[in-house]
Amino acid sequence: MKGNMANLLELSANEGEAKKIITTSSAFGLLRKGIIENLGTTRAKSFLLRYGWSLGVTDAEEAMKQTANINELLQQASILHLNTGHIKDIQSERIIEMSDSNTIKSILGRGKWIDSFEANEHLKHHGESDIPACHTLTGYASGYMSTVCKKSVIVKEICCIAKGDAECCFEARLQDDWGIEIQEELKFYKEINIIEELEYTYEQLLEQRKLVEKVSRFHKKLTESISNGNNLQDIADATFKLLKIPISIEDLGFQKIVFSGINQEEYSRLSKELKESLIRKNRKNNTALPLFNETTRLKTENQERLLSPIIVQKKVIGYCTFLYPKGFDNSIENNIMFIERVANAASLYLLNEKTSFEAVEKMKGYFLEQILKGQYSNREEIIHRGRYMGINLAEPFYVAALDIKNKGNKEDIRKDQYEQILETIAKYLDIQGYKVLIAQYESQIIMLIPESAKLLSHLGKIIKHVETTHSTYEYKFGISDKTDDIEGVLENLEESLIALRMATGRKIIHFKDLGIVGVLINSKNVSGIKKIAKQELGPLFKLGEAKQKELVKTLYVFLSNGGKLQQTMDDLALSMSGLMYRINKIESLLQKDLRDSSQSYHLQLILDSLLALGELEI
């Protein structure tokens with residue numbers, strides 16, 4: 001019979017001989033479909049491999065009745081395989097090394113099956129496969145060659161049209177020559193007693209049931225913990241007590257919120273290693289740390305982590321993490337359900353906290369705005385309202401202004417971006433226990449910091465924190481002098497803004513560090529400063545805008561560097577001849593000797609004053 005109508009060759013058989021049954025490829029395809037659907041992909045593969053093996057062994061034994069020559073028997077393999085109707089054609093080649101005339105030392109065969117019925121039927125009934133699907137063909141070739149070679153020869157399908165490849169290709173080697181590569185495949189050739197398999201399946205289901213019950217009890221404990229008003233530290237401690245796995249709850253920058261089951265020193269060491277590893281891997285994306293939107297396994301040299309995102313209002317705000325230091329023995333896969341429930345519990349807790357926190361922070365922010373706008377009639381009223389918010393405004397305080405700029409461009413920052421950064425800072429302050437007032441005021445974030453908060457020395461940590469969580473921006477702080485005059489807070493706000501404008505190349509600058517410049521500006525003698533500046537620098541300001549900026553910046557950098565040419569060249573990226581040309585040009589226009597210390601100090605003071613007033617940009 002021809003084509004796909006002849007799946008198996010009909011042979012006459014005497015009593016005692018194995019009979020061959022005629023069927024069609026489409027009928028076998030339906031049988032194969034039923035096997036896969038009822039037994040599952042893995043068990044069906046094992047069944048079909050053994051079925052093919054049996055066909056191959058039977059054909060080999062029949063062929064060996066005619067000849068004992070191994071080469072002749074192997075040459076007949078292709079013909080006999082074609083006669084099964086499993087394929088339309090076969091192309092193959094093999095290299096055989098013999099120890100003697102009847103003993104094979106090694107065999108290496110390669111080839112391809114053309115128009116495999118099994119691959120076609122798989123695509124027809126199941127669509128594209130994740131693995132090669134020609135199990136019957138593979139089993140047939142392995143059974144035939146193992147029988148005639150009298151050694152275990154394993155054929156492995158390398159690529160298959162059922163999984164989207166262009167051809168169905170195979171390789172054949174002695175089992176020993178495959179090495180560990182073939183160990184998983186060999187398991188499919190072993191027939192498993194159905195009772196044993198059912199027992200194994202029952203044990204697996206029992207284990208799964210126990211796991212589900214354990215997860216259910218664990219989830220109930222977490223829910224009760226939240227209902228009883230417990231905080232994140234209580235949730236972490238309860239989790240470690242139940243599972244004995246170290247756990248941490250962190251923000252998006254992997255900054256600690258709480259942890260349990262591990263000491264501070266080891267936690268810090270592992271946290272540092274993880275962040276360094278993530279930054280190295282994420283450099284191509286131009287962001288410091290990646291964002292994980294689903295449960296993820298992370299591995300470094302000294303640890304492995306199972307991380308699940310904490311999602312509040314469809315936004316990832318942090319992570320719950322199981323920590324497995326090197327040598328920690330635990331089944332990570334089984335812990336996925338646990339960590340995801342911890343993350344859900346943390347999400348519920350933080351949603352509640354976020355709602356109440358935002359309400360309080362909005363109230364504090366609105367209170368600070370009212371103070372800055374002078375909407376309270378007297379000092380006592382301000383102090384009285386401050387006490388309701390846990391802030392003692394009767395004691396000395398500072399005003400800090402945080403300036404935020406986009407890196408690499410001059411685009412304005414959107415309102416929602418300001419709000420995100422403001423929320424990040426407010427949460428950080430709350431977690432660290434700092435009592436301050438914070439609000440967005442015009443184009444800066446303003447903080448009123450009581451002296452007792454002891455926050456000034458830690459402003460650098462705030463900058464580092466927001467740089468980690470919002471890495472596309474640049475940040476700098478301007479800090480006012482200390483005062484206890486809450487009614488005169490606008491003067492302190494102006495001091496912080498003046499300090500900000502003077503923070504060229506610095507992230508934090510205090511108004512008190514401005515020296516005589518601060519005194520001049522604070523004296524309100526603005527018109528006098530502008531008049532002097534016009535007299536002394538007038539010729540520079542009469543130039544075109546581009547030339548004016550170029551020479552003013554050169555003058556400022558040169559004077560700030562104390563007249564050091566090499567440093568100025570480096571800062572401005574100029575050659576010596578280019579720098580000398582500009583200096584000579586400036587001296588000619590101003591009729592000044594920039595190497596004269598008194599004249600250079602006078603010019604430096606004028607430029608610093610204009611910079612502080614916002615009349616000049618460097």
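This structure is a prediction, so every number in the text was calculated from the model and none was measured.
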Q. Below 4.5 Å, heavy atoms only, C-beta onward: do Tyr428 and Gln255 meet side chain to side chain?
A. no
(Q) Which residue is it: Lys275, Glu265, Arg305? I am looking for the one with a side chain to side chain contact (heavy atoms under 4.5 Å, CB included) to Leu270. (A) Arg305
Q. Will you find, in the side chains of Glu340 and Thr295, an N or O donor that is under 3.5 Å from an N or O acceptor?
A. yes
(Q) Apply side chain to side chain contact (heavy atoms under 4.5 Å, CB included) to residues Asn492 and Tyr398 and explain how you reach the verdict. (A) CA-CA 7 Å; Asn492 300 95; Tyr398 301 85; over 6 Å; no
Q: Look at the side chain of Asn561 and the backbone N and O of Gly563, then say whether any donor-acceptor pair between them is shorter than 3.5 Å.
A: no
Q) If we only count heavy atoms from C-beta on, is the Phe397 to Ile391 side-chain gap below 4.5 Å? A) no
(Q) Whether the side chain of Ser129 engages the backbone of Ile131 through a donor-acceptor N/O pair (distance < 3.5 Å, no angle test) should be reported. (A) yes
**Q.** No-hydrogen, no-angle side-chain donor-acceptor test under 3.5 Å, Gln417 and Tyr473
**A.** yes
Q: Would you mind reporting whether Phe477 and Ile509 have side-chain heavy atoms less than 4.5 Å apart?
A: no
Q: Inspect the surroundings of CD in Glu301 and state if more than 12 heavy atoms from other residues, nucleotides or ligands are less than 6.0 Å away.
A: no
Q. Is there a donor-acceptor pair under 3.5 Å between the side chain of Glu495 and the backbone N or O of Asp481?
A. yes
Q.
I want to check something: taking the side chain as every heavy atom from C-beta on, are Lys373 and Tyr441 in contact at a cut-off of under 4.5 Å?
A. yes
Q. How about Gln420 and Thr424: does a side-chain donor come under 3.5 Å of a side-chain acceptor?
A. no
Q: May I ask you to check whether over 12 heavy atoms, not counting those of Arg385, lie within 6.0 Å of atom CZ?
A: no
(Q) With a 4.0 Å cut-off on N to O distance, would you call Glu550 and Lys547 a salt bridge? (A) yes
Q) Does the side chain of Thr296 come within less than 4.5 Å of Leu306's, by heavy atoms? A) no
Q: Kindly check if the number of other-residue, nucleotide or ligand heavy atoms within 6.0 Å of NZ (Lys214) is above 12?
A: no
(Q) Please determine whether side chain to side chain contact (heavy atoms under 4.5 Å, CB included) holds for the pair Lys476 and Leu402, giving the CA-CA distance in whole Å, both sets of side-chain angles, and the decisive distance to 0.1 Å. (A) CA-CA 6 Å; Lys476 60 181 179 179; Leu402 178 65; 5.9 Å; no
(Q) Are the side chains of Gln444 and Leu500 in contact, using a 4.5 Å heavy-atom criterion? (A) yes
Q. Is the closest side-chain donor-acceptor distance between Gln303 and Glu273 under 3.5 Å?
A. yes
Q. Any ion pair linking Arg269 and Glu266 (charged N to carboxylate O, less than 4.0 Å)?
A. yes
(Q) Counting neighbours of NE2 on His470 that are heavy atoms of other residues, nucleotides or ligands and sit closer than 6.0 Å, is the number greater than 12? (A) yes
Q.
Using only atom types and a distance under 3.5 Å, with no angle test, would you say the side chain of Ser496 pairs donor to acceptor with the backbone of Leu493?
A. yes
**Q.** Test item: Ile431 and Asp251 side chains (from C-beta on) under 4.5 Å apart, heavy atoms
**A.** no
Q.
If you compare all heavy atoms of Cys320 against all heavy atoms of Ala346, which two are closest, and at what distance to 0.1 Å?
A. SG-CB, 3.9 Å
Q. Looking at CG of Leu490 and CG of Leu497, how far apart are the two atoms once the value is rounded to the nearest 0.5 Å?
A. 10.0 Å
Q) Ser347 side chain to Ile311 main-chain N or O, any donor-acceptor pair under 3.5 Å? A) yes
Q | Over all atoms of both residues, closest heavy-atom pair of Ile446 and Ala401 | A | CD1-CB, 3.7 Å
Q.
Working to the nearest 0.5 angstrom, can you tell me the gap between Asn302 CG and Leu274 CG?
A. 11.5 Å
Q. Are Gln233 and Asp237 close enough that a side-chain donor and a side-chain acceptor fall under 3.5 Å?
A. yes
Q) Taking all non-hydrogen atoms of both residues, which atom of Leu565 and which atom of Leu579 are closest, and how far apart? A) O-CD2, 3.5 Å
Q) With sequence neighbours left out, what residues match Tyr376 under ring-ring contact (aromatic ring centres under 6.0 Å, His included)? A) Phe367
**Q.** Gap separating the NZ atom of Lys482 from the CG atom of Asp484, nearest 0.5 angstrom
**A.** 9.0 Å
Q) Can Arg297 and Glu304 be said to form a salt bridge (charged side-chain N to carboxylate O under 4.0 Å, His left out), step by step? A) CA-CA 7 Å; Arg297 292 177 66 166; Glu304 191 162 0; 2.8 Å; yes
Q. Taking all non-hydrogen atoms of both residues, which atom of Gly253 and which atom of Thr468 are closest, and how far apart?
A. CA-CG2, 3.7 Å
Q: Give a yes or no on whether the backbone of Met337 and the side-chain of Arg341 come within a donor-acceptor separation of less than 3.5 Å.
A: yes
Q | Selection residues 226-259 - residue pairs positive for ring pair (Phe, Tyr, Trp, His ring centres under 6.0 Å), sequence neighbours left out | A | Phe254-Tyr319, Phe259-Tyr267
Q | Any donor-acceptor pair under 3.5 Å from Glu491 side chain to Gly488 backbone | A | no
Q) Would the number of heavy atoms belonging to other residues, nucleotides or ligands and lying under 6.0 Å from CG of Asn378 be above 12? A) yes
**Q.** Least distance between heavy atoms, Tyr475 atom then Val466 atom
**A.** OH-O, 3.5 Å
**Q.** Distance, nearest 0.5 Å, that separates CG of Leu429 from CD1 of Ile449
**A.** 8.0 Å
Q | Donor-acceptor contact present, side-chain Thr321 to main-chain Leu323, <3.5 Å | A | no
Q: Start with the C-alpha distance between Ile479 and Leu456, add both sets of side-chain angles, then the distance that settles side chain to side chain contact (heavy atoms under 4.5 Å, CB included), and finish with yes or no.
A: CA-CA 9 Å; Ile479 317 296; Leu456 288 191; 3.9 Å; yes
Q. Is Glu395 reaching over with its side chain to a backbone N or O of Ser452, donor-acceptor style, under 3.5 angstrom?
A. yes
Q. What orientation do Tyr388 and His384 show, parallel under 30°, tilted 30 to 60°, or perpendicular over 60°?
A. perpendicular
(Q) Rounded at 0.5 Å granularity, tell me how far CE in Met576 sits from CD in Gln566. (A) 6.0 Å
Q) When rounded to the nearest 0.5 angstrom, what is the spacing between NZ in Lys299 and OG in Ser277? A) 12.0 Å
Q. Quick one: does Leu348's side chain get under 4.5 Å of Thr223's, heavy atoms only?
A. no
Q. Taking all non-hydrogen atoms of both residues, which atom of Ala453 and which atom of Lys435 are closest, and how far apart?
A. CB-O, 4.0 Å
Q. Where do Lys512 and His510 land on the side chain to side chain contact (heavy atoms under 4.5 Å, CB included) test, with the steps shown first?
A. CA-CA 5 Å; Lys512 65 181 181 180; His510 294 255; 3.9 Å; yes
Q: Please report the C-alpha distance between Asn335 and Tyr324 in whole Å, then the side-chain angles of each, then the deciding distance to 0.1 Å, and finally whether the side chain to side chain donor-acceptor pair (under 3.5 Å) criterion is met.
A: CA-CA 11 Å; Asn335 293 329; Tyr324 305 90; 2.9 Å; yes
Q. Under 3.5 Å, side chain of Asp571 to main-chain N/O of Thr568, donor-acceptor pair present?
A. no
